[in-house]
Amino acid sequence: MKKKVVIVGGVAGGASAAARLRRLNEQAEIILIERGGYISYANCGLPYYIGDVIAERDNLFVQTPHGLRTRYNIEVRTRHEVLKINRHQKLIEVKELVSGRVYQETYDVLLLSPGAAPIRPPIPGLDGDNVFTLRDVTDTDRIKAFLRDRQPRQALVVGAGFIGLEIAENLVAAGLDVALVEMAARVLPRNLDPEMAAPLHLHLRAHGVNLYLQTALSAVEQKDGRNWALLSNGERIPYDLAVIAVGAAPEARLAKEAGLELGTNGAIRVNASFQTSDPHIYAVGDAIEVESGITGEKTYVPLAGPANRQGRLAADAICGRPVKYEGAIGTAIVKVFALAAGTVGLTEDFLKHSGQKYLAAIVHPLSHAGYYPGATPLDIKLLFTPEGRILGAQVVGAQNVDKTLDVIAAIMKTGGTVDDLAALELAYAPPFSSAKNPVNIAGYVAGNIIRGDLPVVSWDQVLDQENPDFLLLDVRTKSQFAAGALDGALNIPLAELRQRLHELPKEKEIIVYCTVGLTSYLATRLLIQNGFKARNLSGGWRTLKAIREDRRLTAAAGNR
């Protein structure tokens, strides 16, 4: 059946929908209207072009207008902006930006894929040709030109989300001194819990990034021929270039003015087939509200992966195929110099505020067999219900973070449990993994917690409890204990524990810890079966050491 489909916006959602529509319907008339000059590019690769990791600009482009026309017979109109939607007459008003001409275009079906726009906070003085946001190729070209022509030395990055971290790393790669300012107490505050963000903080500082946490940008001023950022902690820092990366808001103006229903964050509300409140208008990508694939609640998840999938599914729905979007679970990853941080699902911070019952496990397995050269630790945090359903996971490390996260995300997507993680049969050879894969280990530990085999205590219960009524027992070797330990801890190495049980009180709770939690697990089992009240410190000394050092450096930065 011949149908006229007009798509507003390209990139992930719009371009993927256009290509899928043509594959499903050769007779359809498809028009893609894009305000910018590019319709399909790797927006997630833009920071890496700035840092010269991606050397060739042309490599950023996934598809060109010419390619869509010749390969898919899709009419592409770049530098055309849709001004308004007339739902009753099923037409849109379009402005040709080069000439200024305004015209009308009819549609049978309209698909909105306008994306999201960077938020620009109303900070006095934060303007000028040295202040940037990063959304598209044009923004990238402006930053590259500024680096080339003005040769700045000091950069200010405001916001430590995914874009802020990536641009900070790539500005360091471009030779700049970088100050990263974040209002929250940690980087990636919506995606990582404190103990998982701590290694990233230490790593950023080790690579020369001046990290300002729990600090806001209050104002900027020009003085003595320089630009100065005034911070909420009273500090003034100079900058030659500033990038604002505090988040993005859905571009829903067209939908709002057309009277379409809006939802979370002002995003366009759609059903499971991506229809808006007008059955002839669909919407996808960073402009829409979605359901959480975990809680079923309405949420906002502006990520490229979901946007691509949504574009494909919306095309199916437009062509009459049955579609039911299962929601987004928010799988995401970011590179931070030599580390990577991945996240999926809910954080512990979210779960605490929601009141939902949950359990947590932290493990630190090696990326591959320890006897094979080059193995590095993975920090894995797993969140799950008392019944074992996985609610979220966070993974930080130098190797295999993506693989580990993707396996957990796949199990989550199917509604799986921690026992499913333990039961997985995954590829093993010493250069790639261990006979007990890190995912298996996370599943084993979580299962032990659920079944009561491994009572645990969290790092904050140990560090932040003012009057601890427990005994800290360090079961590492004497040399490990001497290299660093918790204040007041008693050291009895595991190899000596059975012979020295008489030294421990049975009336007092014992918190057992080791380097990563394995030796202390063995000690905890030993103690429990000998009549002691014992719990294992989840994540062990590795977790505690990172967060203590991070707290010290953060406090020192705040007192500079």
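No side-chain N or O of Asn191 forms a donor-acceptor pair with one of Gln394 less than 3.5 Å apart. Between the side chains of Thr554 and Arg205, at least one donor-acceptor pair of N or O atoms lies under 3.5 Å. No side-chain donor from either of Tyr325 and Glu291 sits under 3.5 Å from a side-chain acceptor of the other.
Residues Val334 and Phe162 approach most closely at CB-CD2, 3.6 Å, considering heavy atoms. Smallest separation of non-hydrogen atoms from Leu346 and Leu383: O-CD1, 3.3 Å.
The side-chain hydrogen bond (donor to acceptor under 3.5 Å, both in side chains) search around Asp224 returns none, not counting sequence neighbours. Scanning for salt bridge (charged side-chain N to carboxylate O under 4.0 Å, His left out) contacts around Asp316 gives Arg20, with sequence neighbours left out. With sequence neighbours left out, the side-chain hydrogen bond (donor to acceptor under 3.5 Å, both in side chains) criterion links Asn86 to no other residue. Legend: residues meeting side-chain hydrogen bond (donor to acceptor under 3.5 Å, both in side chains) with Lys298, ordered by chain and number and at least two apart, are absent. For Gln214, the side chain to side chain contact (heavy atoms under 4.5 Å, CB included) test picks out Ala185, with sequence neighbours left out. Scored by the side-chain hydrogen bond (donor to acceptor under 3.5 Å, both in side chains) test, Tyr358 finds Glu348 as partners (sequence neighbours excluded).
At least one side-chain heavy atom of Leu21 sits under 4.5 Å from a side-chain heavy atom of Ile7. When side chains are defined from C-beta on, Leu217 counts as touching Leu231, because their heavy atoms get closer than 4.5 Å. Side-chain atoms of Pro306 and Val290, non-hydrogen and from C-beta on, never get closer than 4.5 Å to each other. Proximity of Tyr107 to Val5: side-chain heavy atoms (C-beta onward) are nowhere separated by under 4.5 Å. Between Val172 and Phe337 the shortest side-chain heavy-atom distance falls below 4.5 Å. For the pair Ile33 and Val94, the minimum side-chain heavy-atom distance is below 4.5 Å. Residues Ile85 and Leu91 have side chains not in contact (no heavy-atom distance under 4.5 Å, counting atoms from C-beta outward). By the 4.5 Å heavy-atom criterion applied to side chains, Asn130 and Asp240 are not counted as neighbours.
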Evaluation steps, side chain to side chain contact (heavy atoms under 4.5 Å, CB included), between Tyr282 and Val109: CA-CA 8 Å; Tyr282 293 71; Val109 176; 3.6 Å; yes
Derivation of the side chain to side chain contact (heavy atoms under 4.5 Å, CB included) call for Asn59 and Tyr49: CA-CA 9 Å; Asn59 290 341; Tyr49 175 60; over 6 Å; no
Side chain to side chain contact (heavy atoms under 4.5 Å, CB included) between Ile167 and Leu171, intermediate numbers included: CA-CA 6 Å; Ile167 195 65; Leu171 288 174; 4.0 Å; yes
CA sep, side-chain torsions, deciding dist, call: Val396, Leu200, side chain to side chain contact (heavy atoms under 4.5 Å, CB included): CA-CA 8 Å; Val396 176; Leu200 295 183; 4.1 Å; yes
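Between the Arg57 side chain and the Val137 main chain, no donor and acceptor come within less than 3.5 Å of each other. Under the 3.5 Å distance criterion, the side-chain polar atoms of Thr331 are left unmatched by any main-chain donor or acceptor of Ala409. Looking at Lys3, its side chain does come within 3.5 Å of a backbone N or O of Ile318 through a donor-acceptor pair. With hydrogens and angles ignored, the 3.5 Å screen pairs a side-chain donor or acceptor of Arg253 with a backbone N or O of Leu83. Judged purely by atom type and a 3.5 angstrom limit, Arg35 has no side-chain atom pairing as donor or acceptor with the backbone of Thr78. Checking side-chain atoms of Trp228 against main-chain N and O of Tyr239 turns up no donor-acceptor pair under 3.5 Å. Remark: the backbone N or O of Gly285 is paired with a side-chain donor or acceptor of Gln310 at under 3.5 angstrom.
Taking NZ of Lys413 as the reference point, atom CD1 of Ile390 lies at 14.0 Å (rounded to 0.5 Å). Atom CD1 of residue Ile74 and atom CD1 of residue Ile30 lie 4.5 Å apart, to the nearest 0.5 angstrom. Taken to the nearest 0.5 Å, the CG atom of Leu351 stands 10.0 Å off from the OG1 atom of Thr295. The distance from atom CG of Leu213 to atom CG of Asp550, rounded to the nearest 0.5 Å, is 7.0 Å. Taken from CG in Leu202 to CZ in Arg552, the straight-line distance is 9.5 Å, to the nearest 0.5 Å. Here Tyr48 contributes atom OH and Ile50 contributes atom CD1; the two are 11.0 Å apart, rounded to the nearest 0.5 Å.
A salt bridge is absent between Arg79 and Glu34; no separation between the charged side-chain nitrogens and carboxylate oxygens falls under 4.0 Å. The existence of a salt bridge linking Lys352 and Asp193 is excluded, since no basic side-chain nitrogen approaches an acidic carboxylate oxygen closer than 4.0 Å. With respect to the salt-bridge test (charged N to carboxylate O, under 4.0 angstrom), the residues Arg186 and Glu195 do not qualify. Salt bridge Lys144/Asp139: absent, no basic N to carboxylate O contact under 4.0 Å.
Listed by first and then second residue, the salt bridge (Lys or Arg N to Asp or Glu O under 4.0 Å) pairs involving residues 160-185 are Glu169-Lys335 (not counting sequence neighbours). The salt bridge (Lys or Arg N to Asp or Glu O under 4.0 Å) pairs that include a residue from residues 63-74 number zero, where partners must be two or more places apart or lie in different chains. A salt bridge (Lys or Arg N to Asp or Glu O under 4.0 Å) check over residues 82-95, counting only residues at least two apart or in different chains, returns the pairs Arg87-Asp278. Sorted by first and then second residue, the pairs that involve residues 101-120 and meet salt bridge (Lys or Arg N to Asp or Glu O under 4.0 Å), not counting sequence neighbours, are Lys4-Glu105, Arg77-Glu105, Glu96-Arg101. For residues 262-272, the pairs satisfying side chain to side chain donor-acceptor pair (under 3.5 Å) are Glu261-Arg269, Thr264-Glu289, Arg269-Glu289, Asn271-Gln275, with sequence neighbours left out.
Here the options are Val270, Leu260, Val82, Ile288, the test is side chain to side chain contact (heavy atoms under 4.5 Å, CB included), and the partner is Leu112; only Leu260 passes.
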For residues 145-160, run the donor-acceptor check on the side chains, cut-off 3.5 Å, and write out each pair with its distance to 0.1 Å, sequence neighbours left out.
{"unit_1": "Arg150", "atom_1": "NH1", "unit_2": "Asp129", "atom_2": "OD2", "d": "3.2"}
{"unit_1": "Gln154", "atom_1": "OE1", "unit_2": "Arg226", "atom_2": "NH1", "d": "3.3"}
{"unit_1": "Gln154", "atom_1": "OE1", "unit_2": "Arg226", "atom_2": "NH2", "d": "2.8"}

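Ring geometry for His80 versus Tyr103: interplanar angle over 60°, hence perpendicular rather than tilted (30 to 60°).
Atom CD of Glu56 has 12 or fewer neighbouring heavy atoms from other residues, nucleotides or ligands inside a 6.0 Å radius.
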